[in-house]
Engineer: 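Could you have a look at this structure, given as structure tokens, before my questions?
Count residues from 1 along the sequence.
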Amino acid sequence: MATEHTVKVLIIGGGPAGYTAAIYAARANLQPILIEGMQPGGQLTITTDVENYPGFANAVQGPWLMDQMREQAVHVGTRVVSDLVVAIDFSRRPFRAVCDGGDVYLAETVIIATGAQARWLDVPGEETYRGLGVSACATCDGFFFRGKHVAVIGGGNTAVEEAIYLTNHAAKVTLIHRRDSLRAERILQDRLFRNPKVDVIWNSAVVSLEGQESPPKVTSITLRDTVTGAVREQPIEGVFVAIGHTPVTELFVGQIALDSDGYIVTKPDSTETNISGVFAAGDVKDKIFRQAVTAAGMGCMAALEAEKFIAAHGSHEASQAAE
């Protein structure tokens with residue numbers, strides 16, 4: 001049976017940003033409720049070794065790290081709900097969120113931490129070897145490919161930046177693009193073409209990724225020439241898909257300010273959106289860094305700003321009683 005809940009801080013999304021916001025909000029005695037959504041833990045749940053999150057001398061598993069954050073949030077007083085927000089109304093306080101299970105949440109403040117999803121090629125072998133040589137984040141995983149030959153798929157700024165970054169680790173980087181020219185900014189292209197570790201394969205689309213079973217890892221990439229149709233196999237030790245990310249903001253279209261790419265816009269040096277009392281943290285608003293540690297930092301900021309907002313404005317019920 002559907003139930004209506006009132007809450008001071010409603011957090012939508014369970015990744016590093018959402019869990020950190022929950023930890024800080026709970027420690028401020030705000031009794032937050034966190035709705036996990038369809039992918040509890042966010043993108044780190046599909047990441048194997050994490051070596052760049054502070055506090056761990058040795059690599060940790062992404063799913064384990066997210067489990068620890070979730071447990072910490074619960075331990076300090078967060079109520080975590082396994083459900084999906086399907087409708088939300090930001091037109092007035094308290095904000096009204098409706099979940100797939102039918103429950104309704106009336107929130108004094110909302111922290112949006114729904115994240116972003118990497119765009120994938122959707123070709124055979126990609127999902128099989130994801131985390132086993134196939135990645136969508138050079139900054140996260142480039143360290144594991146020291147001295148190896150890796151490929152970057154894409155032709156925009158992200159692809160070129162990832163290729164240049166990977167030259168710090170890999171012995172050779174091959175950029176593969178389906179057209180005969182790049183979309184990236186000219187200054188980035190100049191840096192790419194000047195780097196002796198980089199070569200480019202033009203007019204080539206990825207057909208499939210191949211690998212071995214024991215130990216499981218990607219070993220080659222099959223390409224189709226977009227001009228001649230010829231198919232060939234390219235030996236490779238790592239594949240980085242860099243065709244962009246999609247922020248999970250469909251729910252908020254028409255209700256909150258988004259940029260041209262669909263990311264939530266926040267005020268300078270703040271997580272507050274154009275709607276007073278609504279905050280955004282993590283990859284749903286960050287198209288530049290997209291790191292677990294920066295997402296966690298923004299989750300902290302959002303919780304502190306929500307606490308400050310509630311202190312300044314009081315609860316909806318209290319304001320009604322005073323009228």
Engineer: Sequence neighbours excluded, which residues qualify as ring-ring contact (aromatic ring centres under 6.0 Å, His included) partners of Y263?
Structural biologist: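 Y263: no ring-ring contact (aromatic ring centres under 6.0 Å, His included) contacts found.
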Engineer: Indicate whether the side chain of S208 and that of E210 have a donor and an acceptor atom separated by less than 3.5 Å.
Structural biologist: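 Short answer, yes.
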Engineer: Write down the atom of W120, the atom of S135, and the distance for their closest heavy-atom approach.
Structural biologist: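 That closest heavy-atom pairing would be CH2-C, 4.0 Å.
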Engineer: Say you draw a straight line from CG of L84 to CG of L251; how long is it, rounded to the nearest 0.5 Å?
Structural biologist: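 Output value for this atom pair is 8.0 Å.
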Engineer: Cluster question for you: counting only ILVMFWY and a side-chain heavy-atom cut-off of under 4.5 Å, with indirect links fine, are V134 and V207 together?
Structural biologist: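 In one cluster: no.
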Engineer: Run the side-chain contact (heavy atoms from CB on, under 4.5 Å) check on I88 and I12 step by step: do they pass?
Structural biologist: CA-CA 11 Å; I88 195 159; I12 305 174; 3.7 Å; yes
Engineer: If we count only N and O atoms by modelled type, under 3.5 Å, do the side chains of S220 and E233 hold a donor and an acceptor together?
Structural biologist: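 E233 and S220 do have a side-chain donor-acceptor pair below 3.5 Å.
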Engineer: May I ask you to decide if G101's main-chain N or O and D83's side chain share a donor-acceptor pair within less than 3.5 Å?
Structural biologist: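 Yes, D83 side chain to G101 backbone: donor-acceptor pair under 3.5 Å.
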Engineer: Mark yes or no for whether R146, through its side chain, and F143, through its backbone, hold a donor-acceptor pair below 3.5 Å.
Structural biologist: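 Yes, the answer is positive, given that a donor and an acceptor are paired below the 3.5 Å cut-off.
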Engineer: Within this structure, what is the CG-CG distance for the pair L121 and L209, rounded to the nearest 0.5 Å?
Structural biologist: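 That separation rounds to 7.0 Å.
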Engineer: Side-chain contact test, heavy atoms from C-beta onward, threshold under 4.5 Å: evaluate it for V152 versus T174 and give yes or no.
Structural biologist: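 No, side chains not in contact.
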Engineer: With distance as the sole test, does T228 use its side chain to make a donor-acceptor pair with the main-chain N or O of D225 at under 3.5 Å?
Structural biologist: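 Answer holds: no.
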Engineer: Nearest 0.5 Å, what's the CG-OG1 distance between D259 and T249?
Structural biologist: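 Nearest 0.5 Å value for the CG-OG1 distance: 8.5 Å.
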Engineer: For T158, does its backbone N or O pair with a side-chain atom of E162 as donor and acceptor, under 3.5 Å?
Structural biologist: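 Side chain of E162 to backbone of T158, a donor-acceptor pair under 3.5 Å: no, none is there.
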Engineer: Can you find a heavy atom in the side chain of V104 that is under 4.5 Å from one in the side chain of R96?
Structural biologist: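 Yes. Closest side-chain heavy atoms under 4.5 Å.
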Engineer: I would like to know whether E237 and V218 meet side-chain contact (heavy atoms from CB on, under 4.5 Å); could you show each step before the answer?
Structural biologist: CA-CA 6 Å; E237 295 172 282; V218 69; over 6 Å; no
Engineer: Do the side chain of T271 and the main chain of A281 share a donor and acceptor less than 3.5 angstrom apart?
Structural biologist: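 Here the side-chain-to-backbone pair does not exist.
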Engineer: Counting only heavy atoms not in E213, do more than 12 fall under 6.0 Å of its CD?
Structural biologist: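 It does not: E213 CD has 12 such atoms or fewer within range.
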Engineer: Going by heavy atoms in the side chains, are R93 and H313 under 4.5 Å from each other?
Structural biologist: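 Contact flag for R93/H313 side chains = yes.
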Engineer: Mind listing the closest non-hydrogen atom pair of M69 and I23 along with its distance?
Structural biologist: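 Closest approach of M69 to I23: O-CD1, 4.1 Å.
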Engineer: Can you tell me how the ring of H5 sits relative to the ring of Y105, calling it parallel under 30°, perpendicular over 60° and tilted otherwise?
Structural biologist: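 Rings of H5 and Y105: parallel, as their planes differ by under 30°.
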Engineer: State, to 0.1 Å, how close L10 and A97 come at their nearest heavy-atom pair, and which atoms those are.
Structural biologist: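 Minimum heavy-atom contact is CD2-CB, 3.7 Å.
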Engineer: Taking C-beta and beyond as the side chain, do C137 and Q291 meet within less than 4.5 Å on heavy atoms?
Structural biologist: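 Yes - at least one pair of side-chain heavy atoms lies under 4.5 Å apart.
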Engineer: Any ring pair (Phe, Tyr, Trp, His ring centres under 6.0 Å) pairs touching residues 187-235, not counting sequence neighbours?
Structural biologist: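 Checked against ring pair (Phe, Tyr, Trp, His ring centres under 6.0 Å) - neighbours excluded - no pair reaches residues 187-235.
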Engineer: Please determine whether residues V241 and L175 belong to a single hydrophobic cluster, defined as Ile, Leu, Val, Met, Phe, Trp and Tyr linked transitively by side-chain heavy-atom distances below 4.5 Å.
Structural biologist: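 Looking at the clustering, L175 is in a separate group from V241.
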Engineer: Kindly give the heavy-atom pair with the smallest separation between D89 and S91, and that separation in Å.
Structural biologist: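 Minimum heavy-atom separation between D89 and S91: OD1-OG, 2.6 Å.
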Engineer: Against K285, only a single residue in T273, T114, T266 fulfils side chain to side chain donor-acceptor pair (under 3.5 Å); can you say which?
Structural biologist: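 Looking at T273, T114, T266, the match for K285 under the side chain to side chain donor-acceptor pair (under 3.5 Å) is T266.
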Engineer: Look only at the side chain of Q31 and the backbone of N29, and say whether a donor-acceptor pair between them is shorter than 3.5 Å.
Structural biologist: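 Present.
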Engineer: When you measure from the side chain of R191 to the backbone of L188, do you find a donor-acceptor pair of N or O atoms at a distance under 3.5 Å?
Structural biologist: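 Absent.
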Engineer: What closest approach, in Å, do S270 and E305 show between heavy atoms, and which atom pair accounts for it?
Structural biologist: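 The pair with the smallest heavy-atom distance is OG-OE2, 2.6 Å.
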Engineer: Looking at A184, is its backbone amide N or carbonyl O close enough to the side chain of Q189 to form a donor-acceptor pair, meaning the two atoms are under 3.5 Å apart?
Structural biologist: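 Between the backbone of A184 and the side chain of Q189 there is a qualifying donor-acceptor contact (under 3.5 Å).
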Engineer: Hey, do the aromatic rings of F145 and F240 have their centres closer than 6.0 Å?
Structural biologist: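 Aromatic pair counts; centres sit under 6.0 Å.
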Engineer: In Å, rounded to the nearest 0.5 Å, how long is the span from CG of D180 to CG of N203?
Structural biologist: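 So the gap between those two atoms works out to 5.0 Å.
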Engineer: With sequence neighbours excluded, tell me which residues meet disulfide (SG to SG under 2.5 Å) with C300.
Structural biologist: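 With neighbours one apart ignored, the set is empty.
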Engineer: Would I112 and I256 count as a side-chain contact (heavy atoms from CB on, under 4.5 Å) here? Give the steps.
Structural biologist: CA-CA 11 Å; I112 301 171; I256 202 165; 4.0 Å; yes
Engineer: Do I176 and I221 make a side-chain contact, defined as non-hydrogen atoms from C-beta onward lying under 4.5 Å apart?
Structural biologist: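 I176 vs I221: side chains touch.
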Engineer: Output yes when E272 and K267 qualify as a salt bridge under the 4.0 Å nitrogen-oxygen rule, no when they do not.
Structural biologist: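 Answer for the salt bridge query: yes.
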Engineer: Spell out, as yes or no, whether a donor-acceptor pair under 3.5 Å connects the side chain of N168 to the backbone of Y165.
Structural biologist: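 Yes, because the side chain of N168 sits within donor-acceptor range (under 3.5 Å) of the backbone of Y165.
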Engineer: Run through E36, E71, Q72, Q68 and flag the one making a side chain to side chain donor-acceptor pair (under 3.5 Å) with Y19.
Structural biologist: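 Among E36, E71, Q72, Q68, the one meeting side chain to side chain donor-acceptor pair (under 3.5 Å) with Y19 is E36.
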Engineer: Following the transitive rule for hydrophobic clusters with a side-chain heavy-atom cut-off under 4.5 Å over Ile, Leu, Val, Met, Phe, Trp and Tyr, establish whether I187 and V198 coincide in one cluster.
Structural biologist: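 Hydrophobic grouping puts I187 with V198.
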Engineer: Can you name the one residue among P216, S214, P215 that meets side chain to side chain contact (heavy atoms under 4.5 Å, CB included) with Q212?
Structural biologist: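 Answer to the side chain to side chain contact (heavy atoms under 4.5 Å, CB included) test with Q212 among P216, S214, P215: P215.
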Engineer: What I'd like to find out is whether the side chain of T109 reaches to under 4.5 Å of the side chain of V278, using heavy atoms alone.
Structural biologist: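 In short, these two side chains do not touch, never coming nearer than 4.5 Å.
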Engineer: Given the rule that I, L, V, M, F, W and Y join up when any side-chain heavy atoms are under 4.5 Å apart, are V7 and V76 in one cluster?
Structural biologist: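 No, no single cluster joins them.
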Engineer: Can you confirm if the NZ or CZ of R92 lies within 45° of the ring axis of F95 and under 6.0 Å from the centre of its six-membered ring?
Structural biologist: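 Relative to the ring axis of F95, which defines the angle, R92 lies outside at least one limit.
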Engineer: With a 4.5 Å limit on heavy-atom distance, are the side chains of V98 and V85 in contact?
Structural biologist: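 Not touching, per the 4.5 Å side-chain cut-off.
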Engineer: Kindly indicate whether the side chain of E51, heavy atoms from C-beta on, has any atom under 4.5 Å from the side chain of F144.
Structural biologist: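 SC-SC contact between E51 and F144 confirmed.
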Engineer: In the single-linkage hydrophobic clustering (I, L, V, M, F, W, Y; side-chain heavy atoms under 4.5 Å), do F279 and V9 co-cluster?
Structural biologist: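 As far as the 4.5 Å side-chain criterion goes, V9 and F279 are connected within one cluster.
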Engineer: So which atom in G77 and which in A26 form the shortest heavy-atom distance, rounded to 0.1 Å?
Structural biologist: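 It is C-CB, 4.0 Å.
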Engineer: Go through the side-chain N and O atoms of Q234 and R232 and say whether any donor and acceptor fall under 3.5 Å apart.
Structural biologist: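 Yes - a donor-acceptor pair under 3.5 Å links their side chains.
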Engineer: Starting at CG of L258, measure out to CZ of F252 and round the result to the nearest 0.5 Å.
Structural biologist: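 The CG atom of L258 sits 9.0 Å away from the CZ atom of F252.
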Engineer: If you apply the rule side-chain contact (heavy atoms from CB on, under 4.5 Å), what do you find for K172 with K197, and how did you get there?
Structural biologist: CA-CA 5 Å; K172 181 179 180 182; K197 285 188 174 183; 5.8 Å; no
Engineer: Go through the side-chain N and O atoms of H177 and S204 and say whether any donor and acceptor fall under 3.5 Å apart.
Structural biologist: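 No pair is found: no donor N or O on one side chain lies under 3.5 Å from an acceptor on the other.
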Engineer: Calculate, to the nearest 0.5 Å, the distance between atoms CD1 and CZ belonging to I33 and R79 respectively.
Structural biologist: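 Going from CD1 on I33 over to CZ on R79, the span is 4.5 Å.
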